[in-house]
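Data block below; observations after.
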Amino acid sequence: MKRLRAVHVCVVAALFAVCAEPTLAQMRPGARVEKTYGIGLPRDMDRLLIPDSEYPVFPLKPGQEAYADVDGYRIKDTIKKITAFSLQSLDAGELYWGRIPGTRFHQASLDFMASEYAKLGLTVRRQPVDMAPLWYPTKLTGSYSAGGKTGALQTLFPINETKATPSGGITADAVWVGIGAAPDLAGRDLRGKAVLVYSVLVPGGRSHSASDRAGLFNSDSLITKAGAAMIINVIGVPGNGQFNPEGAPEGPDAVPTLTISQDEGFMLRDLLAAGQRVQLSVSLEIEEREGLKTENVYATLPGISDEQLVIVTHTDGFFQGAMDNASGMATAIDIARHYAAMPREQRRRTLVFMALPDHHHGEAGRALAIKTYDWSKVALILNAEHTSQTLLYMYNQDLVTSNAISARRWYVSGSSALQQMVKQTLQDFNVSVYRVPERSAGGSLGALTPLAPAFHIIDHVIYHTTLDVPELVPAVGLAYSERAFLAIFDKANGMSMADLRGAKLPNPLQ
């Protein structure tokens with residue numbers, strides 16, 4: 001506890017579930033239920049968090065001395081400054097908390113990025129962005145009743161873009177349908193029911209097995225078609241976290257679709273297993289906010305040529321969003337620090353840092369950057385996103401942490417020489433990645449790949465959840481990632497744009 005700033009004591013205490021029982025309007029993630037099921041997060045953070053000092057550290061190899069100035073602890077301190085804006089939104093009582101574009105909390109994070117770049121001597125430019133209409137849940141209450149007992153459902157959270165309940169809410173009998181695959185639903189009458197479906201992250205908080213996005217069981221869509229009144233996905237992560245994935249059913253027949261922690265979901269399961277009638281009552285209010293404004297932030301560090309290395313980050317995030325994407329934001333700032341400390345004549349190419357505001361909320365910022373920025377001089381793009389995370393394991397009924405860095409998915413486009421260089425450099429700097437790279441770029445990088453050669457690494461296990469906290473973003477992994485990025489840039493600076501691009505890179509601008 002001493003390693004956390006005093007300003008967050010109340011929030012941290014809530015994560016450890018030692019605060020007084022909260023109301024739903026004031027709820028902090030991590031509320032306890034009477035019975036728990038295995039070791040889990042956030043409620044067992046006091047047992048599961050690993051000090052940064054306990055992660056193995058591999059020394060710099062010969063030839064890597066130029067990157068000794070990269071300090072993972074410094075990067076992590078910046079992450080905590082960014083997640084503080086998210087915690088301010090939680091303290092303000094926002095149900096939809098985090099760095100949500102169009103809110104003052106997200107604007108504070110953009111201002112922070114601009115200020116940090118300016119302090120380093122970069123030239124900062126802001127570009128106004130007209131946001132797409134913003135789905136914004138404003139009020140949520142949930143409760144259960146069984147056998148004369150009633151209680152609040154404290155870890156309910158609406159899945160992004162789901163529909164609201166009618167004004168009076170919904171009260172319905174609960175049924176449990178397992179994983180909700182077609183055989184589980186065969187012969188079941190789900191009309192008007194509150195359907196509980198067990199869903200596992202595959203592997204991360206943005207996709208889960210019940211959603212169409214995963215392409216596994218399409219459970220939520222099948223349950224919607226069966227006429228359910230509402231759907232509650234019991235997320236199969238031990239503990240009492242909250243989860244905001246994507247992939248809520250759409251269309252005229254869509255019903256409110258929410259997530260709930262495994263602790264509370266299994267509590268409801270056990271009541272049903274005991275033969276009790278369980279009723280769930282849920283009320284969800286949602287606003288469609290239109291006419292909101294945000295901005296792209298560009299920061300430029302000149303080199304000796306007008307060719308450019310572009311570092312892209314997205315600045316919005318759900319909950320604390322420590323890995324997604326405070327880790328990328330903090331890494332980008334530290335890349336700027338590294339190069340700003342050099343004489344200009346040692347920077348072969350100009351560096352441009354782009355902070356894009358609404359990756360999870362319409363991508364209007366990225367679309368505007370694609371349309372208005374001159375990409376003709378861009379030699380290489382880095383998407384700085386999700387750079388370090390603790391490796392987690394499911395162990396029977398428990399969730400356990402380890403003192404290892406999770407492997408990342410990865411992508412690189414451009415010439416075969418660039419692709420091989422990126423792959424080898426990640427290995428040389430102790431950055432573990434999946435054996436098979438992505439077929440196409442994910443994250444913020446996607447639509448940018450036709451514009452210039454591009455690369456990224458991206459971890460995606462606990463994002464979009466209340467598990468995405470700074471304490472699960474290891475400092476050593478932050479250092480390894482940034483050093484690899486710097487080495488890739490420096491090696492790329494020894495290659496011409498033609499060498500980087502290769503013969504087959506599509507470029508719609510030509």
Side-chain angles (χ1 to χ4, degrees), residues 60-70 122 298-313 328 331-354 373-385 387 408 410-431 433 437-438 441 443-446 448-458 479-507 509-510:
L60 290 167
K61 301 170 186 175
Q64 298 180 350
E65 296 83 3
Y67 312 111
D69 65 306
V70 175
L122 280 67
Y298 303 86
T300 303
L301 182 64
I304 59 173
S305 79
D306 59 358
E307 294 181 4
Q308 297 174 1
L309 304 173
V310 171
I311 298 91
V312 173
T313 61
T331 296
I333 290 169
D334 207 65
I335 290 173
R337 176 206 57 78
H338 174 85
Y339 283 118
M342 296 180 179
R344 178 173 180 173
E345 57 268 20
Q346 293 183 19
R347 299 190 295 266
R348 176 178 172 184
R349 291 185 168 111
T350 292
L351 289 103
V352 178
F353 298 82
M354 296 185 181
Y373 193 77
D374 180 5
W375 297 90
S376 63
K377 296 295 185 179
V378 176
L380 184 61
I381 302 170
L382 162 65
N383 175 39
E385 192 169 2
T387 58
R408 294 78 147 181
W410 64 291
Y411 175 87
V412 56
S413 64
S415 68
S416 58
L418 173 62
Q419 293 173 26
Q420 290 302 313
M421 182 268 281
V422 168
K423 179 180 179 181
Q424 185 61 51
T425 305
L426 293 174
Q427 177 181 323
D428 290 343
F429 283 84
N430 312 308
V431 178
V433 295
E438 295 181 274
S444 300
L445 193 59
L448 301 178
T449 55
L451 307 175
F455 72 100
H456 72 186
I457 58 173
I458 183 166
Y480 293 159
S481 297
E482 183 180 329
R483 288 169 183 162
F485 297 158
L486 295 172
I488 290 168
F489 278 151
D490 290 346
K491 293 175 183 178
N493 278 340
M495 303 167 68
S496 68
M497 287 184 66
D499 291 339
L500 294 168
R501 189 172 294 271
K504 297 182 179 180
L505 182 74
N507 190 343
L509 304 180
Q510 294 181 347

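Values below: all heavy atoms of this structure, side chains included; hydrogens, waters and symmetry mates excluded. For this chain, numbers begin at 1 and follow the sequence in order.
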When rounded to the nearest 0.5 angstrom, what is the spacing between [atom1] in [X] and [atom2] in [Y]?
X    : Y    : atom1 : atom2 : value
I458 : E438 : CD1   : CD    : 7.0 Å
R483 : H338 : CZ    : NE2   : 11.0 Å
E307 : R348 : CD    : CZ    : 6.5 Å
L451 : D374 : CG    : CG    : 11.0 Å
D428 : L60  : CG    : CG    : 12.0 Å
E385 : T331 : CD    : OG1   : 11.5 Å

Closest non-hydrogen atom pair, [X] against [Y]:
X    : Y    : answer
M421 : I488 : CE-O, 3.6 Å
L380 : A454 : CD1-N, 4.1 Å
V378 : M497 : O-CE, 3.4 Å
R347 : Y339 : NH1-O, 2.9 Å
L301 : A340 : CD2-N, 3.6 Å
R344 : G303 : NE-O, 2.9 Å

Residue pair R337, D69: steps toward the side-chain contact (heavy atoms from CB on, under 4.5 Å) verdict: CA-CA 10 Å; R337 176 206 57 78; D69 65 306; 2.9 Å; yes
[X] side-chain N/O to [Y] backbone N/O, donor-acceptor pair under 3.5 Å:
X    : Y    : value
Q346 : P343 : no
E65  : G63  : yes
T313 : A384 : no
T350 : S305 : yes
S481 : T387 : yes

Heavy-atom check, side chain of [X] versus side chain of [Y], under 4.5 Å:
X    : Y    : value
V312 : H456 : no
F353 : I333 : no
L448 : V310 : no
L486 : E482 : yes
F489 : R349 : no

Can a donor-acceptor pair be found between the side chains of Y411 and N383 at a distance below 3.5 Å? no
Residue from D490, I311, I457 passing side-chain contact (heavy atoms from CB on, under 4.5 Å) with F485: I457
Stepwise side-chain contact (heavy atoms from CB on, under 4.5 Å) test for L122 and L351: CA-CA 9 Å; L122 280 67; L351 289 103; over 6 Å; no
Worked check of side-chain contact (heavy atoms from CB on, under 4.5 Å) between W375 and I381: CA-CA 10 Å; W375 297 90; I381 302 170; 3.9 Å; yes
